[in-house]
Amino acid sequence: MPPSMEAAGLTKRYGSFTALSDLNLKLEGTKCVGFLGPNGAGKTTTMKMFTGLISPTGGKAMINGVEIREDKKKALGSCASLIETPEIYPALTAREALMMLAELRGVPKGERLKRIDEALGRVKMQEWEDKKVGSFSKGMKQRVNVASTLLTDPQVIILDEPSTGLDPRGMSEVRDIVKSLGNRLVFMSSHLLSEVTDVCHEVAMIDHGKLLVYDTISNVTAKFSDGGGMVEVGFSREVDDEPAGRIRKMEGVLEVRKSNGRHLIVKFAGGLEAQENLFEQVAGLGKGIVSFKETSSGLEEAYLKLIKETV
Ligand SMILES: Nc1ncnc2c1ncn2[C@@H]1O[C@H](COP(=O)(O)OP(=O)(O)OP(=O)(O)O)[C@@H](O)[C@H]1O
Ligand SMILES: [Mg+2]
């Protein structure tokens with residue numbers, strides 16, 4: 001059975017304030033789903049209900065078809081999460097910290113060391129396993145935190161803003177780890193649209209406790225930006241107006257603008273086929289082009305539009 005997470009009418013009220021309102025969302029299969037929404041939208045609230053940290057005031061949260069309230073142990077047996085980044089005891093070594101967590105999470109005694117080795121290997125921290133966590137950088141601590149979610153070899157992983165507070169290298173490390181998780185259902189909240197574009201296949205967006213959209217990134221971008229896609233074309237030197245003018249005349253191109261001296265942002269109509277076609281034409285320009293990549297601006301445009309519509 002593929003891993004799944006399902007919210008059915010999931011609601012959380014604090015007094016008269018509704019933090020999450022009637023969320024219906026089913027995620028199924030091995031993939032990474034980004035969870036987007038402005039501050040206070042209800043992302044952490046949703047994730048906390050999926051991990052049994054708080055109880056819903058209405059509706060159900062289910063993991064692999066098992067409702068968390070009904071059978072917490074079974075539902076969470078195949079799920080691991082990282083919510084509001086926990087502090088690890090600084091006096092423990094990485095291995096000691098993970099040993100404690102493995103015990104806490106019921107990993108059988110004989111398997112603990114092997115699982116810890118595997119988890120530390122996945123986050124590339126093996127060399128550091130006997131060093132004290134207190135001496136680690138934020139990014140290294142976060143890698144240990146991510147390793148802790150892998151101890152039980154979960155099918156479902158819930159990550160609440162895993163790269164927040166990290167420097168660019170730390171962010172890129174966490175991103176690579178999430179990408180390498182494979183074969184699982186990963187549900188990850190983030191404020192970084194470039195990260196979500198890079199790591200996730202699908203996105204769910206919420207605002208004011210209500211789901212706005214759940215779809216693949218390309219469908220959301222196509223539907224809620226002005227349609228089509230956006231790519232960034234990189235040049236080896238400062239671009240003048242000539243290549244921009246020539247790209248503007250290419251079939252399907254809607255808009256061309258400079259993003260900085262050496263890059264052009266090209267908006268075009270259509271899907272992957274149009275992008276392929278555009279790539280061939282742009283590559284044929286011979287103007288010192290060194291890169292051609294999808295940008296997150298499409299998702300950003302869709303995000304801003306969707307969020308604005310609900311205000
Ligand atoms: N214990 C609580 N009591 C009262 N209100 C709460 C409580 N916890 C959360 N809220 C409110 O619920 C709303 C949703 O909060 P939540 O933490 O889920 O947002 P979020 O989408 O995770 O935001 P951020 O991006 O800032 O992390 C907020 O308005 C918050 O103030
Ligand atoms: Mg939050």
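One-based numbering, in listed order, for ligands and for the atoms of each. Along the sequence shown, residues are numbered consecutively beginning with 1.
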Student: Exactly which residues line ligand 1, taking a heavy atom under 4.0 Å from it as the test?
Tutor: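 Shell around ligand 1 (4.0 Å, heavy atoms): Y14, F17, A19, P38, N39, G40, A41, G42, K43, T44, T45, E161, H191.
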
Student: So that I can tick it off, tell me whether R262 and E238 are bridged by a salt bridge, with the cut-off set at under 4.0 angstrom between side-chain N and carboxylate O.
Tutor: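 Answer for the salt bridge query: no.
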
Student: Ion pair present between D130 and R95, side-chain N to carboxylate O less than 4.0 angstrom?
Tutor: yes

Student: Check whether any N, O or S atom of T44, backbone or side chain, sits closer than 2.8 Å to the Mg ion (ligand 2).
Tutor: yes

Student: Is it true that a side-chain atom of T18 and a backbone atom of S21 form a donor plus acceptor pair closer than 3.5 Å?
Tutor: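 No, because the side chain of T18 does not come within donor-acceptor range (under 3.5 Å) of the backbone of S21.
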
Student: Mind listing the closest non-hydrogen atom pair of G37 and Y303 along with its distance?
Tutor: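 Shortest heavy-atom separation between G37 and Y303 comes out as C-OH, 3.4 Å.
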
Student: Any chain of hydrophobic side-chain contacts (each under 4.5 Å) joining L159 to V123?
Tutor: yes

Student: Which of these, L36, D207, I206, sits in a side chain to side chain contact (heavy atoms under 4.5 Å, CB included) with I307?
Tutor: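 That would be D207; it is the only one of L36, D207, I206 passing the side chain to side chain contact (heavy atoms under 4.5 Å, CB included) with I307.
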
